[in-house]
Amino acid sequence: MNKAPGKNRFWYLFGPFLIYWGVEFVGAMIASLVLVIVSVPEVIQSVTWTDSMTNEEFTQAAVQMQTALMDMVARYQVQMLAAAALLTIHVLSALYRRDRKQEALQHLPVNKKAPLSQYVWTLLLGIVVCIGGNVLIVMTNLAFVSESYQNTSAVFYAPGFAVQVVCLGLIMPVSEELLFRGLLFKRCRALMGFLPAALSISILFGFSHGNLVQFLYAMGLGMLLAYVCEKYGSLKAPILLHVTANLTSLIITETGLLDWLCTAFLRLAVAVVACAFLGAVMFVLIQRIDEKPEGTDPTGDSGNTPLTRDMFR
């Protein structure tokens, strides 16, 4: 374990989340304001205005215009969230680079970076985890009993496929990984062992999705994201896993593959078993990666003090 700065521990751990929330809120408000300003002329033309309108007719026209503007904002909600995420990426990247510089200045041990060839296991793991997770959600009927999950899905899948890929498949996963694994997990990891750090941040990651179905899925995915971040010694690994999982979800929905799997219980069962087997294989291959910092001697054979389990794991 590394040592965290001896300053305000609450701010050290939760400051990035508060900054993320504030920047995202401001970014979303700015994006909404720009959209409303741009859309006002079109909305005004869609409402009938006359010089002889009564107060009641004027009020009805104003309500129609307000409703039209709200519908416009709802229609472009994914794009506005992505615009806010782009703003958070810029801020979080600066914080992430500052943390890495602090590690270097304090000569703190950091995990070795895995070879590029090992990243194929992360990519494949993202695919099987996404398919297996979505199939389990269908088999347990969670998707059909959660109204908030259905509303969220309706919003996210409303834009065109290209917009979904750019916003949900690329921009938002990068923003989330910078926050949850790049800053929060790594800072918690400086204070505690892997399991409590990964579990606490994964629970927070699940709650950030706003409904029970996505909470369960995101919490499980968050544990895997923290694990590959630890094993690969680089934020690139959880970003790749997260992006792959999101893109896979978009593709199997757009192509109808998920609907096809859901039409027969046997297909669902085969998909779950296959994903569980392949996921286990990928996990074992990732587990074999040696992430120990350079120059460490876990066995103590060199005469140095042996490393404890929680120092780097």
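Throughout, numbering of the chain's residues begins at 1 and tracks the sequence. When reading the values below, keep in mind they use all heavy atoms of this one structure, side chains included, and skip hydrogens, waters and symmetry mates.
- Aromatic pair F25/W21: ring centres closer than 6.0 Å.
- Taking both residues in full, the closest heavy atoms of L142 and V213 are given as O-CG2, 3.4 Å, listed atom of the first, atom of the second, then distance.
- Going from atom CD of E24 over to atom CE of M29 covers 10.0 Å, rounded to the nearest 0.5 Å.
- Residues satisfying the ring pair (Phe, Tyr, Trp, His ring centres under 6.0 Å) test with F277, not counting sequence neighbours, are none.
- Contact record, T122 with A237: CG2-O, 3.4 Å, taken as the closest heavy-atom pair.
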(request) In sequence, state the C-alpha distance, the side-chain angles, and the governing distance for V128 and L125, and then conclude on side-chain contact (heavy atoms from CB on, under 4.5 Å). (result) CA-CA 5 Å; V128 297; L125 182 62; 4.2 Å; yes
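- Here L168 contributes atom CG and L81 contributes atom CG; the two are 8.5 Å apart, rounded to the nearest 0.5 Å.
- For the pair F180 and L204, the minimum side-chain heavy-atom distance is below 4.5 Å.
- In this structure, CG in L184 is found 4.5 Å from CG in L179, a value given to the nearest 0.5 Å.
- In this structure, CZ on R181 lies 6.0 Å from OG on S202, to the nearest 0.5 angstrom.
- Side-chain atoms of K113 do not come within 3.5 Å of backbone N or O of S234 as any donor-acceptor pair.
- The side chain to side chain donor-acceptor pair (under 3.5 Å) pairs that include a residue from residues 150-167 are Y157-S249, where partners are two or more places apart or lie in different chains.
- Nearest heavy-atom pair across N246 and G169 is CB-CA, 4.1 Å.
- Of the candidates N111, V110, I286, N111 is the only one forming a side-chain contact (heavy atoms from CB on, under 4.5 Å) with E291.
- A 6.0 Å sphere centred on CD of Q287 holds more than 12 heavy atoms belonging to other residues, nucleotides or ligands.
- Hydrophobic side-chain contacts under 4.5 Å tie L266 into a cluster, directly or through other members, with V270.
- Using a 4.5 Å cut-off on side-chain heavy atoms (C-beta onward), V165 and L247 make contact.
- Here the closest heavy-atom approach between residue A84 and residue G27 is recorded as CB-C, 3.9 Å.
- Every pair tested for ring-ring contact (aromatic ring centres under 6.0 Å, His included) that includes a residue from residues 60-109 fails, sequence neighbours excluded, so the list is empty.
- For the salt bridge (charged side-chain N to carboxylate O under 4.0 Å, His left out) condition, no pair includes a residue of residues 151-171, sequence neighbours left out.
- For A198, the side chain to side chain contact (heavy atoms under 4.5 Å, CB included) partners are F185, F194, M223, A226, not counting sequence neighbours.
- With values rounded to the nearest 0.5 angstrom, L258 atom CG is found 13.0 Å from I251 atom CD1.
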(message) If you apply the rule side-chain contact (heavy atoms from CB on, under 4.5 Å), what do you find for I201 with F17, and how did you get there?
(response) CA-CA 11 Å; I201 298 306; F17 185 79; over 6 Å; no
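- Sorted by first and then second residue, the ring-ring contact (aromatic ring centres under 6.0 Å, His included) pairs with a member in residues 115-143 read Y119-Y232; sequence neighbours excluded.
- Residues passing the ring pair (Phe, Tyr, Trp, His ring centres under 6.0 Å) test with Y20: none are found, sequence neighbours excluded.
- Scanning all heavy atoms of the two residues, the minimum distance from A271 to V135 falls at CB-CG2, 4.1 Å.
- The structure places CG of L285 at 8.0 Å from CD of Q118, a figure rounded to the nearest 0.5 Å.
- V26 and L95 sit in two unconnected hydrophobic clusters of ILVMFWY residues. Membership requires side-chain heavy atoms under 4.5 Å apart, directly or through other members.
- Between S93 and L178, the shortest heavy-atom distance links the atoms OG-CD1, 3.5 Å.
- Shown here is R100, whose CZ atom has more than 12 heavy atoms of other residues, nucleotides or ligands within 6.0 Å.
- Here F207 pairs with F215 under the ring pair (Phe, Tyr, Trp, His ring centres under 6.0 Å) rule; sequence neighbours left out.
- Within the 3.5 Å criterion, the main-chain N or O of M172 finds no donor-acceptor partner in the side chain of S175.
- Listed by chain and residue number, nothing satisfies the salt bridge (charged side-chain N to carboxylate O under 4.0 Å, His left out) test with E176 (two or more places apart in sequence, or in another chain).
- Note on L240: it clusters hydrophobically with L116, by side-chain heavy-atom contacts below 4.5 Å among ILVMFWY residues.
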(request) Start with the C-alpha gap between L241 and V129, add the side-chain angles, then the distance that decides, and say whether side-chain contact (heavy atoms from CB on, under 4.5 Å) holds. (result) CA-CA 9 Å; L241 176 57; V129 165; 5.6 Å; no
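- In the hydrophobic clustering, L33 connects to I37, either directly or through intervening members, whenever side-chain heavy atoms lie under 4.5 Å apart.
- In terms of hydrophobic clustering, with Ile, Leu, Val, Met, Phe, Trp and Tyr side chains grouped at heavy-atom distances under 4.5 Å, V273 and L278 are assigned to different clusters.
- Residues Q214 and S148 fail the side-chain proximity criterion, which asks for heavy atoms closer than 4.5 Å.
- Remark: of the listed residues L92, I89, V91, V91 is the sole one forming a side-chain contact (heavy atoms from CB on, under 4.5 Å) with V23.
- When side chains are defined from C-beta on, Y149 does not count as touching L212, because their heavy atoms never get closer than 4.5 Å.
- The same ILVMFWY cluster, assembled from side-chain heavy atoms under 4.5 Å apart, contains both Y12 and F10.
- Taking W260 as the reference, nothing meets the ring pair (Phe, Tyr, Trp, His ring centres under 6.0 Å) condition, with sequence neighbours excluded.
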(request) Kindly determine whether E103 and D99 satisfy side-chain contact (heavy atoms from CB on, under 4.5 Å), including the steps that lead there. (result) CA-CA 6 Å; E103 287 179 349; D99 280 4; 5.8 Å; no
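- Cluster membership check: V34 does not share its hydrophobic cluster with M80, using side-chain heavy-atom separations under 4.5 Å among Ile, Leu, Val, Met, Phe, Trp and Tyr.
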